[in-house]
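Written below as C-alpha coordinates is the structure these notes are about.
Heavy-atom basis, side chains included; hydrogens, waters and symmetry copies ignored. Just so we're on the same page: letters track the sequence lines, and every chain starts at 1.
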There are 2 protein chains.
Amino acid sequence: MSSTHTHSKKSQSLTKNQKIVLNLLQNSGEALKAYSILDSLKKEGLKSPLQIYRALDKLVELGKIHKIESRNSFIVCNNSNCASNTVFAICERCGNVKEIKNSDLSEGVKELVKKNRMNVTRYNLEFFVLCKSCKTN
Amino acid sequence: MSSTHTHSKKSQSLTKNQKIVLNLLQNSGEALKAYSILDSLKKEGLKSPLQIYRALDKLVELGKIHKIESRNSFIVCNNSNCASNTVFAICERCGNVKEIKNSDLSEGVKELVKKNRMNVTRYNLEFFVLCKSCKTN
DNA sequence: CACCTTTATGTTATATTATTACATATGTAA
DNA sequence: TTACATATGTAATAATATAACATAAAGGTG
(Lines give C-alpha, C1' and ligand atoms only; values in the text may rest on other atoms or scores of the structure.)
Protein backbone atom coordinates (compact mmCIF):
# COMPACT_ATOMS: atom_id res chain seq x y z
CA MET A 1 0.00 0.00 0.00
CA SER A 2 2.75 2.48 -0.74
CA SER A 3 0.87 3.69 -3.73
CA THR A 4 1.44 7.37 -3.45
CA HIS A 5 3.02 9.39 -6.17
CA THR A 6 4.45 12.85 -6.04
CA HIS A 7 3.71 15.44 -8.65
CA SER A 8 6.07 14.65 -11.46
CA LYS A 9 8.47 17.04 -13.11
CA LYS A 10 6.14 16.95 -16.04
CA SER A 11 3.55 18.75 -13.97
CA GLN A 12 5.40 21.92 -14.81
CA SER A 13 5.01 21.17 -18.44
CA LEU A 14 1.29 20.93 -18.64
CA THR A 15 -0.10 21.66 -22.05
CA LYS A 16 -2.20 24.67 -22.86
CA ASN A 17 -5.55 22.93 -22.47
CA GLN A 18 -4.46 21.14 -19.33
CA LYS A 19 -3.38 24.42 -17.78
CA ILE A 20 -6.62 26.13 -18.67
CA VAL A 21 -8.72 23.37 -17.16
CA LEU A 22 -6.57 23.05 -14.05
CA ASN A 23 -6.67 26.79 -13.58
CA LEU A 24 -10.42 26.87 -13.68
CA LEU A 25 -10.65 24.09 -11.11
CA GLN A 26 -8.12 25.79 -8.86
CA ASN A 27 -9.94 29.09 -8.97
CA SER A 28 -13.38 27.65 -8.57
CA GLY A 29 -12.47 25.85 -5.35
CA GLU A 30 -15.31 23.41 -5.82
CA ALA A 31 -16.04 20.28 -7.76
CA LEU A 32 -17.06 20.96 -11.35
CA LYS A 33 -18.65 18.82 -14.03
CA ALA A 34 -17.08 18.33 -17.42
CA TYR A 35 -19.78 20.10 -19.36
CA SER A 36 -19.88 22.98 -16.93
CA ILE A 37 -16.13 23.32 -17.41
CA LEU A 38 -16.75 23.27 -21.14
CA ASP A 39 -19.29 26.09 -20.84
CA SER A 40 -16.88 28.15 -18.79
CA LEU A 41 -14.08 27.65 -21.25
CA LYS A 42 -15.86 28.43 -24.48
CA LYS A 43 -14.33 31.86 -24.26
CA GLU A 44 -10.86 30.32 -24.04
CA GLY A 45 -11.49 28.59 -27.33
CA LEU A 46 -12.25 25.12 -26.01
CA LYS A 47 -15.36 24.02 -27.79
CA SER A 48 -15.64 20.25 -27.74
CA PRO A 49 -16.27 17.88 -24.82
CA LEU A 50 -13.31 15.82 -25.85
CA GLN A 51 -10.92 18.69 -25.29
CA ILE A 52 -12.17 18.90 -21.73
CA TYR A 53 -12.18 15.17 -21.09
CA ARG A 54 -8.69 14.74 -22.43
CA ALA A 55 -7.34 17.45 -20.18
CA LEU A 56 -9.26 16.05 -17.22
CA ASP A 57 -7.99 12.53 -17.85
CA LYS A 58 -4.42 13.70 -17.92
CA LEU A 59 -4.78 15.82 -14.81
CA VAL A 60 -6.33 12.88 -12.96
CA GLU A 61 -3.48 10.68 -14.11
CA LEU A 62 -0.98 13.23 -12.80
CA GLY A 63 -2.83 13.46 -9.51
CA LYS A 64 -3.45 17.19 -9.93
CA ILE A 65 -7.18 16.66 -9.73
CA HIS A 66 -9.53 13.88 -8.67
CA LYS A 67 -12.81 12.59 -9.98
CA ILE A 68 -15.72 12.40 -7.57
CA GLU A 69 -17.16 9.17 -8.87
CA SER A 70 -20.58 9.38 -7.31
CA ARG A 71 -21.14 12.81 -8.81
CA ASN A 72 -19.24 12.75 -12.08
CA SER A 73 -17.40 15.84 -11.06
CA PHE A 74 -13.79 16.88 -10.74
CA ILE A 75 -11.97 18.72 -7.97
CA VAL A 76 -8.45 20.02 -7.60
CA CYS A 77 -6.17 17.90 -5.39
CA ASN A 78 -5.99 19.32 -1.91
CA ASN A 79 -3.65 16.75 -0.46
CA SER A 80 -0.07 17.84 -0.04
CA ASN A 81 1.37 14.48 -0.93
CA CYS A 82 -0.95 13.95 -3.83
CA ALA A 83 -1.76 10.40 -2.82
CA SER A 84 -3.49 8.18 -5.31
CA ASN A 85 -5.57 7.07 -2.36
CA THR A 86 -8.38 9.56 -2.00
CA VAL A 87 -10.94 10.36 0.66
CA PHE A 88 -13.80 12.80 0.24
CA ALA A 89 -16.67 14.14 2.29
CA ILE A 90 -19.63 14.88 0.06
CA CYS A 91 -22.57 16.79 1.43
CA GLU A 92 -25.80 15.11 0.41
CA ARG A 93 -27.74 18.33 0.80
CA CYS A 94 -25.67 20.99 -0.96
CA GLY A 95 -23.26 18.82 -2.92
CA ASN A 96 -20.19 20.46 -1.47
CA VAL A 97 -17.10 18.26 -1.65
CA LYS A 98 -14.12 18.36 0.65
CA GLU A 99 -11.01 16.26 0.32
CA ILE A 100 -9.87 14.59 3.52
CA LYS A 101 -6.35 13.61 4.42
CA ASN A 102 -6.41 9.91 4.88
CA SER A 103 -3.64 9.13 7.32
CA ASP A 104 -6.01 8.02 10.06
CA LEU A 105 -7.38 5.39 7.84
CA SER A 106 -4.23 3.55 7.04
CA GLU A 107 -4.27 1.01 9.86
CA GLY A 108 -7.81 -0.11 9.21
CA VAL A 109 -7.18 -0.24 5.51
CA LYS A 110 -4.02 -2.26 5.98
CA GLU A 111 -5.92 -4.76 8.08
CA LEU A 112 -8.66 -5.04 5.52
CA VAL A 113 -6.20 -5.46 2.71
CA LYS A 114 -4.25 -8.10 4.60
CA LYS A 115 -7.30 -10.03 5.68
CA ASN A 116 -8.66 -10.14 2.16
CA ARG A 117 -5.29 -10.78 0.57
CA MET A 118 -5.88 -7.99 -1.88
CA ASN A 119 -3.44 -6.60 -4.37
CA VAL A 120 -4.39 -2.99 -4.04
CA THR A 121 -3.33 -0.34 -6.53
CA ARG A 122 -5.25 2.45 -4.90
CA TYR A 123 -8.52 3.21 -3.21
CA ASN A 124 -11.16 5.87 -3.18
CA LEU A 125 -13.37 6.51 -0.18
CA GLU A 126 -16.45 8.68 -0.32
CA PHE A 127 -18.20 9.79 2.84
CA PHE A 128 -21.73 11.05 2.41
CA VAL A 129 -22.29 13.69 5.03
CA LEU A 130 -24.29 16.69 6.14
CA CYS A 131 -21.79 19.52 6.06
CA LYS A 132 -21.49 22.08 8.82
CA SER A 133 -23.15 24.83 6.87
CA CYS A 134 -26.11 22.62 5.98
CA LYS A 135 -26.39 21.29 9.50
CA THR A 136 -26.83 24.73 11.02
CA ASN A 137 -29.36 25.85 8.41
CA MET B 1 -21.56 5.63 12.50
CA SER B 2 -24.34 3.21 13.32
CA SER B 3 -25.72 3.56 9.87
CA THR B 4 -26.57 0.00 9.11
CA HIS B 5 -30.01 -1.06 8.15
CA THR B 6 -31.47 -4.50 7.99
CA HIS B 7 -33.55 -5.67 5.10
CA SER B 8 -36.98 -4.32 5.83
CA LYS B 9 -40.18 -6.34 5.89
CA LYS B 10 -41.00 -4.64 2.65
CA SER B 11 -38.21 -6.57 1.02
CA GLN B 12 -40.62 -9.47 0.79
CA SER B 13 -43.06 -7.25 -0.98
CA LEU B 14 -40.90 -6.23 -3.88
CA THR B 15 -42.83 -5.32 -6.95
CA LYS B 16 -42.78 -7.32 -10.14
CA ASN B 17 -40.10 -5.25 -11.86
CA GLN B 18 -37.99 -5.04 -8.75
CA LYS B 19 -38.11 -8.83 -8.35
CA ILE B 20 -37.17 -9.41 -11.96
CA VAL B 21 -34.18 -7.08 -11.77
CA LEU B 22 -33.01 -8.39 -8.40
CA ASN B 23 -33.33 -11.92 -9.66
CA LEU B 24 -31.15 -11.24 -12.65
CA LEU B 25 -28.48 -9.67 -10.46
CA GLN B 26 -28.61 -12.55 -8.01
CA ASN B 27 -28.26 -15.12 -10.73
CA SER B 28 -25.57 -13.32 -12.65
CA GLY B 29 -23.28 -13.11 -9.64
CA GLU B 30 -21.46 -10.18 -11.15
CA ALA B 31 -21.89 -6.46 -11.51
CA LEU B 32 -24.16 -5.50 -14.38
CA LYS B 33 -24.87 -2.26 -16.15
CA ALA B 34 -28.33 -0.83 -16.48
CA TYR B 35 -28.56 -1.16 -20.23
CA SER B 36 -27.17 -4.66 -20.15
CA ILE B 37 -29.87 -5.52 -17.62
CA LEU B 38 -32.37 -3.95 -19.98
CA ASP B 39 -31.15 -6.12 -22.84
CA SER B 40 -31.41 -9.22 -20.72
CA LEU B 41 -34.91 -8.39 -19.61
CA LYS B 42 -36.48 -7.52 -22.92
CA LYS B 43 -37.90 -11.02 -22.93
CA GLU B 44 -39.54 -10.36 -19.56
CA GLY B 45 -41.36 -7.42 -21.06
CA LEU B 46 -39.20 -4.66 -19.67
CA LYS B 47 -38.48 -2.40 -22.57
CA SER B 48 -37.55 1.04 -21.33
CA PRO B 49 -34.45 2.21 -19.44
CA LEU B 50 -36.63 3.90 -16.90
CA GLN B 51 -38.20 0.64 -15.85
CA ILE B 52 -34.74 -0.65 -15.08
CA TYR B 53 -33.50 2.49 -13.36
CA ARG B 54 -36.58 2.72 -11.19
CA ALA B 55 -36.18 -0.84 -10.01
CA LEU B 56 -32.45 -0.35 -9.45
CA ASP B 57 -33.03 2.84 -7.47
CA LYS B 58 -35.48 1.14 -5.20
CA LEU B 59 -33.27 -1.90 -4.69
CA VAL B 60 -30.33 0.34 -3.84
CA GLU B 61 -32.51 2.22 -1.39
CA LEU B 62 -33.52 -1.06 0.24
CA GLY B 63 -29.90 -2.16 0.40
CA LYS B 64 -30.57 -5.26 -1.70
CA ILE B 65 -28.07 -4.13 -4.28
CA HIS B 66 -25.27 -1.58 -4.51
CA LYS B 67 -24.06 0.72 -7.20
CA ILE B 68 -20.40 0.54 -8.17
CA GLU B 69 -19.91 4.24 -8.72
CA SER B 70 -16.67 4.11 -10.62
CA ARG B 71 -18.16 1.68 -13.14
CA ASN B 72 -21.81 2.63 -13.32
CA SER B 73 -22.75 -0.92 -12.56
CA PHE B 74 -24.88 -2.70 -9.99
CA ILE B 75 -24.22 -5.75 -7.86
CA VAL B 76 -26.30 -7.75 -5.45
CA CYS B 77 -25.57 -7.15 -1.77
CA ASN B 78 -23.28 -9.78 -0.41
CA ASN B 79 -23.11 -8.50 3.12
CA SER B 80 -25.18 -10.35 5.64
CA ASN B 81 -26.04 -7.26 7.61
CA CYS B 82 -26.69 -5.21 4.54
CA ALA B 83 -24.81 -2.19 5.80
CA SER B 84 -25.25 1.06 3.99
CA ASN B 85 -21.51 1.39 4.33
CA THR B 86 -20.00 -0.45 1.43
CA VAL B 87 -16.55 -1.70 0.49
CA PHE B 88 -15.62 -3.20 -2.86
CA ALA B 89 -12.56 -4.64 -4.53
CA ILE B 90 -12.64 -3.86 -8.23
CA CYS B 91 -10.16 -5.55 -10.52
CA GLU B 92 -8.66 -3.03 -12.90
CA ARG B 93 -7.80 -5.70 -15.40
CA CYS B 94 -10.93 -7.84 -15.74
CA GLY B 95 -13.48 -5.61 -14.07
CA ASN B 96 -14.54 -8.23 -11.57
CA VAL B 97 -16.13 -6.77 -8.44
CA LYS B 98 -16.20 -8.33 -5.00
CA GLU B 99 -17.92 -6.89 -1.99
CA ILE B 100 -15.83 -6.84 1.18
CA LYS B 101 -17.10 -6.99 4.70
CA ASN B 102 -15.99 -3.78 6.30
CA SER B 103 -15.65 -4.56 9.97
CA ASP B 104 -11.89 -4.14 9.98
CA LEU B 105 -12.26 -0.64 8.78
CA SER B 106 -14.44 0.70 11.50
CA GLU B 107 -11.74 1.92 13.87
CA GLY B 108 -9.88 3.90 11.24
CA VAL B 109 -13.07 5.30 9.89
CA LYS B 110 -14.24 6.33 13.34
CA GLU B 111 -10.97 8.16 13.90
CA LEU B 112 -11.22 9.92 10.59
CA VAL B 113 -14.82 10.90 11.21
CA LYS B 114 -14.04 12.18 14.70
CA LYS B 115 -10.99 14.13 13.62
CA ASN B 116 -12.83 15.82 10.80
CA ARG B 117 -16.00 16.34 12.84
CA MET B 118 -18.05 14.87 10.08
CA ASN B 119 -21.72 14.08 10.15
CA VAL B 120 -21.58 10.88 8.22
CA THR B 121 -24.65 9.23 6.74
CA ARG B 122 -22.77 6.46 5.04
CA TYR B 123 -19.61 5.77 3.12
CA ASN B 124 -18.50 3.87 0.07
CA LEU B 125 -14.98 2.56 -0.35
CA GLU B 126 -13.63 1.26 -3.63
CA PHE B 127 -10.36 -0.62 -3.78
CA PHE B 128 -8.80 -0.90 -7.21
CA VAL B 129 -6.95 -4.18 -7.30
CA LEU B 130 -5.46 -6.92 -9.38
CA CYS B 131 -7.61 -9.93 -8.59
CA LYS B 132 -6.20 -13.38 -7.91
CA SER B 133 -7.20 -14.79 -11.24
CA CYS B 134 -5.64 -11.90 -13.13
CA LYS B 135 -2.53 -11.98 -11.02
CA THR B 136 -1.75 -15.58 -11.91
CA ASN B 137 -2.41 -15.08 -15.60
C1' DC C 1 19.85 19.54 -37.34
C1' DA C 2 17.00 15.54 -39.29
C1' DC C 3 14.48 11.75 -38.10
C1' DC C 4 11.42 9.27 -35.54
C1' DT C 5 8.19 8.44 -31.94
C1' DT C 6 5.07 9.87 -28.62
C1' DT C 7 1.78 12.87 -27.04
C1' DA C 8 -1.58 16.52 -27.71
C1' DT C 9 -4.99 18.93 -30.60
C1' DG C 10 -9.23 19.90 -33.39
C1' DT C 11 -13.36 18.31 -35.16
C1' DT C 12 -17.35 15.54 -36.19
C1' DA C 13 -20.07 12.04 -35.01
C1' DT C 14 -21.83 8.78 -31.90
C1' DA C 15 -22.19 5.82 -27.76
C1' DT C 16 -23.49 5.34 -23.01
C1' DT C 17 -25.79 6.57 -18.87
C1' DA C 18 -29.69 8.72 -16.71
C1' DT C 19 -33.83 11.75 -16.10
C1' DT C 20 -38.20 14.59 -17.23
C1' DA C 21 -42.82 14.61 -18.15
C1' DC C 22 -47.21 12.80 -18.23
C1' DA C 23 -50.91 9.48 -18.25
C1' DT C 24 -52.50 5.39 -15.92
C1' DA C 25 -52.66 1.75 -12.53
C1' DT C 26 -52.02 -0.49 -8.15
C1' DG C 27 -51.47 -0.90 -3.09
C1' DT C 28 -52.49 0.66 1.49
C1' DA C 29 -54.67 2.87 5.12
C1' DA C 30 -58.36 5.74 7.24
C1' DT D 1 -65.17 4.15 -0.52
C1' DT D 2 -62.10 7.80 -0.68
C1' DA D 3 -57.71 9.46 -0.46
C1' DC D 4 -52.90 9.18 -0.87
C1' DA D 5 -48.64 7.34 -1.81
C1' DT D 6 -46.14 4.37 -4.71
C1' DA D 7 -45.37 1.84 -9.04
C1' DT D 8 -45.97 1.36 -14.10
C1' DG D 9 -45.74 2.31 -19.14
C1' DT D 10 -44.20 5.09 -22.73
C1' DA D 11 -42.00 8.67 -25.37
C1' DA D 12 -38.84 12.07 -25.48
C1' DT D 13 -34.66 14.13 -24.14
C1' DA D 14 -30.76 15.41 -21.08
C1' DA D 15 -26.22 14.49 -19.29
C1' DT D 16 -21.99 12.08 -19.48
C1' DA D 17 -18.34 10.06 -22.18
C1' DT D 18 -15.82 7.93 -26.14
C1' DA D 19 -14.51 6.53 -31.16
C1' DA D 20 -12.37 7.71 -35.25
C1' DC D 21 -9.49 10.30 -38.03
C1' DA D 22 -6.57 14.00 -39.62
C1' DT D 23 -3.10 17.22 -38.14
C1' DA D 24 0.33 19.40 -35.18
C1' DA D 25 3.56 20.02 -31.56
C1' DA D 26 7.01 18.18 -28.21
C1' DG D 27 10.80 15.23 -26.95
C1' DG D 28 14.53 11.97 -27.67
C1' DT D 29 18.42 10.02 -30.43
C1' DG D 30 21.48 9.65 -34.17
Legend entry - With B/S73 via side-chain hydrogen bond (donor to acceptor under 3.5 Å, both in side chains) - residues at least two apart: none
Legend entry - Distance, rounded to the nearest Å, where A/Y53 contributes OH and C/dA8 contributes P: 19 Å
Inset, instruction - With sequence neighbours excluded, tell me which residues meet side-chain hydrogen bond (donor to acceptor under 3.5 Å, both in side chains) with A/T15. - result: A/Q18
Inset, instruction - Looking only at non-hydrogen atoms, find the nearest pair between A/V76 and A/Q26 and report the distance. - result: CG2-CG, 3.6 Å
Inset, instruction - Indicate whether OP1 or OP2 belonging to D/dA17 is found under 4.0 Å from a side-chain N or O atom of A/N72. - result: yes
Legend entry - Sidechain-backbone polar pair: A/N85 side chain, A/Y123 backbone, donor-acceptor under 3.5 Å: yes
Inset, instruction - Measure the distance from CG on A/D57 to P on C/dT7 and round it to the nearest whole Å. - result: 15 Å
Inset, instruction - Say whether, by atom type as modelled, one donor and one acceptor occur between the side chain of A/E99 and the main chain of A/N78 under 3.5 angstrom. - result: yes
Legend entry - Whole angstrom value for the distance that separates C1' of D/dA11 from CD1 of B/I52: 16 Å
Inset, instruction - Please report the closest heavy-atom contact between B/R71 and B/G95, naming both atoms and the distance. - result: NH1-CA, 3.7 Å
Legend entry - Distance, rounded to the nearest Å, where A/K19 contributes NZ and C/dT9 contributes P: 11 Å
Inset, instruction - List for me each residue that meets salt bridge (charged side-chain N to carboxylate O under 4.0 Å, His left out) alongside A/K132, sequence neighbours excluded, and say none if there are none. - result: none
Inset, instruction - Assign a letter to each nucleotide of nucleotides 24-30 of chain C from its 5' end: B, base within under 4.0 Å of a protein heavy atom; S, sugar-phosphate only; -, no contact. - result: -------
Legend entry - Main-chain N/O of B/N17 paired with B/Q51 side-chain donor or acceptor, under 3.5 Å: no
Inset, instruction - Return no unless some side-chain N or O of A/K16 is found under 4.0 Å from OP1 or OP2 of C/dT9. - result: no
Legend entry - ring pair (Phe, Tyr, Trp, His ring centres under 6.0 Å) against A/F88, all qualifying residues, sequence neighbours excluded: A/H66
Legend entry - Any A/K67 side-chain nitrogen or oxygen under 4.0 Å from OP1 or OP2 of D/dT16: no
Legend entry - Angle by which the axis turns from one end of the helix from C/dC1-D/dG30 to C/dA30-D/dT1 to the other, five pairs per end, to 10 degrees: 40°
Inset, instruction - Can you sort out which residues in residues 28-51 of chain A have a heavy atom within less than 4.0 Å of DNA chain D? Ascending by number, please. - result: A/K33, A/Y35, A/L50
Inset, instruction - Could you pull out all residues at least two apart from A/S36 that satisfy side-chain hydrogen bond (donor to acceptor under 3.5 Å, both in side chains)? - result: none
Can you check nucleotides 21-26 of chain D for protein contacts, nitrogen or oxygen pairs under 3.5 Å, and list what you find?
none

Legend entry - Under the salt bridge (charged side-chain N to carboxylate O under 4.0 Å, His left out) test, residues paired with A/K135 that sit two or more places apart: none
Legend entry - Any A/N17 side-chain nitrogen or oxygen under 4.0 Å from OP1 or OP2 of C/dT9: yes
Inset, instruction - Among residues two or more places apart or on two chains, list those pairs meeting salt bridge (charged side-chain N to carboxylate O under 4.0 Å, His left out) that have a residue in residues 27-40 of chain A. - result: A/D39-A/K42
Legend entry - Contacts of type side-chain hydrogen bond (donor to acceptor under 3.5 Å, both in side chains), residue B/N23, not counting sequence neighbours: B/N27
